[in-house]
Amino acid sequence: MTRARPASGLLPALIAYYQRLKTAPNQTVADFGFSVEKIHAQVVLGPDGSLVDLQDIREPGARGKPAPRSLLVPDGGGRQGTGLKPFFCWDNTGYALGRDTKGNPERANAMFAAFRDLHLSLRDELADDEGFAALCRFLDRWDPVGAEPPSNWDELAGLNVVFKLRGRPGYVHQSERVRAAWLRRSASDAQDGSGQVGYSLVDGEQDELARLHPSISGVVGANTMGAAIVSFNLNAFESYGKSQSFNAPVGVHDAFRYTTALNRLLADDARRVRIGDATVVFWSDRDEGGEAEETFSQIFGEDVPRENEAEHRATVDRVRAFLDAARRGRLADRLADPDAPFYILGLSPNASRLNVRYWLAGTVHEFAERLAEHVERLEMTGARPDAPPLIIRRLLLETAREPKDIPPQLAGEVARAVLGGLRYPRALFTAIVRRVRVDSRVNHIRAAILKTFLIRNIGMEVPVALDKDHPDEAYQLGRLFAALEFAQTNALGDLNKSVKDSYFGAAAATPSIVFPRLLKLHHHHVEKLPTNSEDARSEKKRTKGYFDRLDQEIIGRIGQFPRYLPLERQGLFYIGYFHQRQAFFTKKAEETKETSDE
């Protein structure tokens, strides 16, 4: 069977996802001319147009807070600027009832008048529809200023409402006659001479071209009213006499499909994560890729919660098994189609527009293989057996003191490197080295980041755990510093200021200046240690002989202390230090055996 390659362009891939949603039996997706919107209440009308009730239709949401219902309604196309633009058969209470919470009754009256005029313009066409006729009667008789507000007005003012005829199932806008009339009106508006007909860049088909693309909602930090991926607003962006979005011609049907698909992805917690300042969505345009979407959600998401230990363990095991299968080329054992197309899109806010931070297209197998290779390079002694694999988020947290201090540019570059199988940004390496210098701390995640950068970008051979025979002096110098620090702790106990607090960064950068001084201090520390193994056990310390042998073993592999270590070898210094520290704190049984062998 011939495998279809992933779509290379962003818009074709989103349109393909829209088609997948359209054919899925358990999905509700809007047709052209309609959209899925958040609705909070229903206005119940009598056949004579009287207001019977304003009913809250919200459902229980997270933490007991009411959540709006997502209903398929006539597409309003979004609002921009301060002009009046009513929606058909639904809207906020400012338009639908002439009342809102903004304290501007003149504006609210104008909004209601625009809403009323839109619907009354279709009164004759829909005179036979009982629900729409009742809505028109209501709009004719409703007085926004003099009418008594409903008892629950304070809870629902300013929110979105739909209309319902008492005793009739469904809403007014769900009538087939109303739907058909709305589509005719939409088609007529599109062909009123304000638009242009041309060839859409997406599929090459002739269509009415979109002057403005529908808004995108759900990108963190973007305009709450929605933002656009494709938009032009200055003469400087125009060419060949084409203005606004005619500079990048996309048919109105294609614009509707891709924005509908993207809004659906951004509203789906299972296909949306936050990495730095970017909101990242991922999907497949084939049903066979659905299994991978769930796994990728677990991989990219927040650290797995530990409220339920069994569930935590099961999730970590699933992720590890998935990555292990990718590494061994056995994804076909876990997925129906590892060659299903897969896409990853990172969006960041920019006023009323959206920046495409990165766009990656491939197959499930390709992305899984890149992630597996990334995780394998990050293997490092000292990791907890039950810890989730290090993907992106936990790496970024080590680059700054607080999450808010992580540079957005760095987050995007790291994500692109991991997901695209590219070299890691040098800024990641320097950020870790800087953090180590600032707080004199090397944990297993920092050591793993330094290791994977040196392997992927420099081509160094860096071990997972202690390698006593490592040929690089920088690695052995890190081991030596760990030995000097450990000797001081054994001799003097925990101190307010150890040799690491005073000399760690300087020792990594300028060994020839620092280490001679440290070795003199070390001699005094070692002299305070017990020489007898029995005394060492009783005092829970190492012996003087232990450190003498360790010093000889490490220094014998160094030769002359270098005057200066470049940044990459400083990273190797910190890895050697971490490996030696881990070796000091192995299992108690192994420590006991070492002491008894002395």
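Bear in mind the structure is a predicted one, so any value in this text is a computation, not a measurement. Side-chain atoms are counted along with the backbone in the values below, which use heavy atoms only and exclude waters and symmetry mates.
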- Message: Between Asp285 and Tyr343, is the side-chain hydrogen bond (donor to acceptor under 3.5 Å, both in side chains) condition met? List the steps.
- Response: CA-CA 8 Å; Asp285 56 20; Tyr343 308 98; 2.9 Å; yes
- Given Phe163 and His173, is the ring pair (Phe, Tyr, Trp, His ring centres under 6.0 Å) satisfied, shown in steps? CA-CA 8 Å; Phe163 293 89; His173 70 270; 9.6 Å; no
- Quick check: does any side chain N or O of Arg370 sit under 3.5 Å from a backbone N or O of Leu419, one acting as donor and the other as acceptor? yes
- Task: Could you walk me through whether Tyr424 and Arg377 pass side-chain hydrogen bond (donor to acceptor under 3.5 Å, both in side chains), step by step?
- Result: CA-CA 12 Å; Tyr424 300 97; Arg377 284 193 295 267; 2.9 Å; yes
- Query: When Leu390 is tested against each of Val375, Thr452, Leu378 for side chain to side chain contact (heavy atoms under 4.5 Å, CB included), which residue passes?
  - Reply: Leu378
- Item | CZ/Arg401: more than 12 non-hydrogen atoms of other groups inside 6.0 Å | no
Between side-chain atoms of residues 260-268 and protein atoms elsewhere (two or more places apart, or another chain), which donor-acceptor pairs fall under 3.5 Å?
from	atom 1	to	atom 2	distance (Å)
Thr260	OG1	Phe256	O	2.7
Asn263	OD1	Ser217	N	2.8
Asn263	ND2	Ser215	O	3.2
Asn263	ND2	Thr259	O	3.1
Arg264	NH1	Gln27	OE1	3.0
Arg264	NH2	Thr28	O	2.0
Asp268	OD1	Ala270	N	3.0
Asp268	OD2	Arg271	NH1	2.5

- Item | Side chains of Arg179 and Phe34 in contact at under 4.5 Å (non-hydrogen atoms) | yes
- Message: Do Thr399 and Leu428 have side chains that approach each other closer than 4.5 Å (heavy atoms only, starting at C-beta)?
- Response: yes
- Under a 4.5 Å cut-off applied to non-hydrogen side-chain atoms, are Leu51 and Val43 in contact? yes
- What is the ring orientation for Phe296 with Phe342, classed by angle as parallel under 30°, tilted 30 to 60°, or perpendicular over 60°? tilted
- Task: Assess whether atom CZ of Arg320 is packed by more than 12 heavy atoms of other residues, nucleotides or ligands within 6.0 Å.
- Result: yes
- Item | Donor-acceptor pair, side chain of Glu366 and main chain of Thr363, under 3.5 angstrom | yes
- Message: I'd like to know whether Tyr95 forms a side-chain contact (heavy atoms from CB on, under 4.5 Å) with Leu84, so could you lay out the CA-CA distance, the side-chain angles of the two residues, the decisive distance to 0.1 Å, and finally the verdict.
- Response: CA-CA 9 Å; Tyr95 276 97; Leu84 296 174; 3.9 Å; yes
- Item | CA sep, side-chain torsions, deciding dist, call: Asn350, Leu354, side-chain contact (heavy atoms from CB on, under 4.5 Å) | CA-CA 5 Å; Asn350 179 16; Leu354 300 176; over 6 Å; no
- Message: I'd like to know whether the aromatic ring centres of Tyr258 and His213 sit less than 6.0 Å apart in this structure.
- Response: yes
- Item | Min side-chain heavy-atom separation Cys89-Phe132 under 4.5 Å | yes
- Validation row: Phe282, Leu345 side chains within 4.5 angstrom (heavy atoms): no
- Who are the side-chain hydrogen bond (donor to acceptor under 3.5 Å, both in side chains) partners of Ser175, not counting sequence neighbours? Asp129
- Query: Is Pro68 close to Asn160 at the side-chain level, that is, under 4.5 Å between some pair of heavy atoms?
  - Reply: no
- Centroid separation Phe453 to Phe429 less than 6.0 Å: yes
- Message: For Leu396 versus Ile406, what's the shortest heavy-atom pair and its separation?
- Response: O-CD1, 3.4 Å
- To the nearest 0.5 Å, how far apart are CZ in Arg69 and CD in Gln42? 7.0 Å
- Task: Taking Thr279 for its side chain and Val220 for its backbone only, find out whether a donor-acceptor pair lies under 3.5 Å.
- Result: yes
- Query: Between Trp90 and Val161, does a side-chain contact (heavy atoms from CB on, under 4.5 Å) hold up when you go through it step by step?
  - Reply: CA-CA 6 Å; Trp90 72 279; Val161 301; over 6 Å; no
- Message: I'd like to check Phe112 versus Pro86 (side-chain heavy atoms, cut-off strictly below 4.5 Å). Are they in contact?
- Response: no
- Message: What verdict does the side-chain contact (heavy atoms from CB on, under 4.5 Å) test give for Leu21 and Trp283, after you've listed the backbone C-alpha separation in whole Å, the side-chain angles of each residue and the deciding distance to 0.1 Å?
- Response: CA-CA 11 Å; Leu21 293 174; Trp283 73 95; over 6 Å; no
- Query: Can a cation-pi geometry be assigned to Arg20 and Tyr17, taking NZ or CZ under 6.0 Å from the six-membered ring centre and within 45° of the ring axis?
  - Reply: no
- Query: Quick one: NE2 on His365 to CG on Asp337, what's the gap to the nearest 0.5 Å?
  - Reply: 11.5 Å
- Message: For Arg272, is there an ion pair with Glu293 - N to carboxylate O distance below 4.0 angstrom?
- Response: no
- Task: State, with a plain yes or no, whether a side-chain heavy atom of Leu323 is found less than 4.5 Å away from one of Pro389.
- Result: yes
- Message: Do the side chains of Asp100 and Arg107 get close enough for a salt bridge, i.e. N-O under 4.0 angstrom?
- Response: no
- Query: Any ion pair linking Arg446 and Asp439 (charged N to carboxylate O, less than 4.0 Å)?
  - Reply: yes
- Working to the nearest 0.5 Å, report the span between CG of Leu135 and NZ of Lys164. 14.0 Å
- Query: If you measure from OG1 on Thr23 to CG on Asp287, what distance do you get to the nearest 0.5 Å?
  - Reply: 6.0 Å
- Query: Taking atom CD of Gln19 as the centre, does the number of heavy atoms from other residues, nucleotides or ligands within less than 6.0 Å exceed 12?
  - Reply: yes
- Query: Are Phe578 and His444 near enough that their ring centres are under 6.0 Å apart?
  - Reply: no
- Between the main-chain N or O of Arg357 and the side-chain N or O of Arg416, is there a donor-acceptor pair closer than 3.5 Å? yes
- Query: Ignoring hydrogens and geometry, is there a side-chain-to-backbone donor-acceptor pair from Arg423 to Asn457 under 3.5 Å?
  - Reply: yes
- Rounded to the nearest 0.5 Å, how far does CD1 of Ile299 lie from CZ of Phe367? 12.0 Å
- Task: Output yes when a side-chain donor or acceptor of Glu398 lies under 3.5 Å from a complementary backbone atom of Leu395, and no otherwise.
- Result: no
- Message: Please check this pair: side chain of Arg327 against backbone of Gly329, looking for a donor-acceptor N/O pair closer than 3.5 Å.
- Response: no
- Item | Over all atoms of both residues, closest heavy-atom pair of Val252 and Phe32 | O-CE1, 3.6 Å
- Just how far is it from atom CG of Asp254 to atom OG of Ser200, taken to the nearest 0.5 Å? 4.0 Å
